[in-house]
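The figures that follow rest on heavy atoms only: side chains count, while hydrogens, waters and symmetry mates do not.
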Amino acid sequence: MVEAMAQVGGIVMLQPEVGGSRENFFFAGVDKVRFRKPVIAGDTLVMRMTLTKLQKRFGIAKMEGKAYIGGEVVCEGEFLMATGSE
């Protein structure tokens with residue numbers, strides 16, 4: 001779930017509202033991850049990433065991620081993304 005939310009965060013980084021940069025961006029870290037309820041095969045996860053802080057000057061974005069099943073939070077955490085060259 002954490003990896004999937006990080007990938008959703010990568011899609012957020014490509015959005016025009018964030019800068020729409022096609023530069024390289026990297027998953028820089030995760031913090032305060034909590035698994036609230038068990039997830040079993042067949043469950044449909046809905047993931048939502050919210051940009052909480054964007055520092056374009058330093059190429060850093062902080063996001064809050066939540067995964068839901070039927071409107072109930074099953075996993076949440078804070079994610080850090082960074083842009084830059086290889």
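Connection of V46 to V12 is not established within any shared hydrophobic cluster, with ILVMFWY side chains joined at heavy-atom distances below 4.5 Å, either directly or through further cluster members. Linking ILVMFWY side-chain heavy atoms closer than 4.5 Å, directly or via other members, places I60 and M63 in two distinct hydrophobic clusters.
The two residues L45 and I69 have their closest heavy-atom pair at CD2-CG1, 3.7 Å. Nearest heavy atom pair, residue V73 against residue R36, reads O-CB, 3.5 Å.
Rounded to the nearest 0.5 angstrom, K53 NZ and Q55 CD are separated by 5.0 Å. Rounding to the nearest 0.5 Å gives a distance of 9.5 Å between CG of L80 and OG1 of T52. With rounding to the nearest 0.5 Å, the separation of CD1 in I11 from CE in M47 is 11.0 Å.
You'll find the side chain of M1 reaches within 4.5 Å of the side chain of V39, heavy atoms only. Residues V2 and F35 form a side-chain contact, since some pair of their non-hydrogen atoms from C-beta on lies under 4.5 Å apart.
Among residue pairs with one or both ends in residues 65-74, those qualifying as side-chain hydrogen bond (donor to acceptor under 3.5 Å, both in side chains) are K37-E72; sequence neighbours excluded.
Of the candidates M81, M13, M5, Q7, M49 forms a side chain to side chain contact (heavy atoms under 4.5 Å, CB included) with just one, namely M5.
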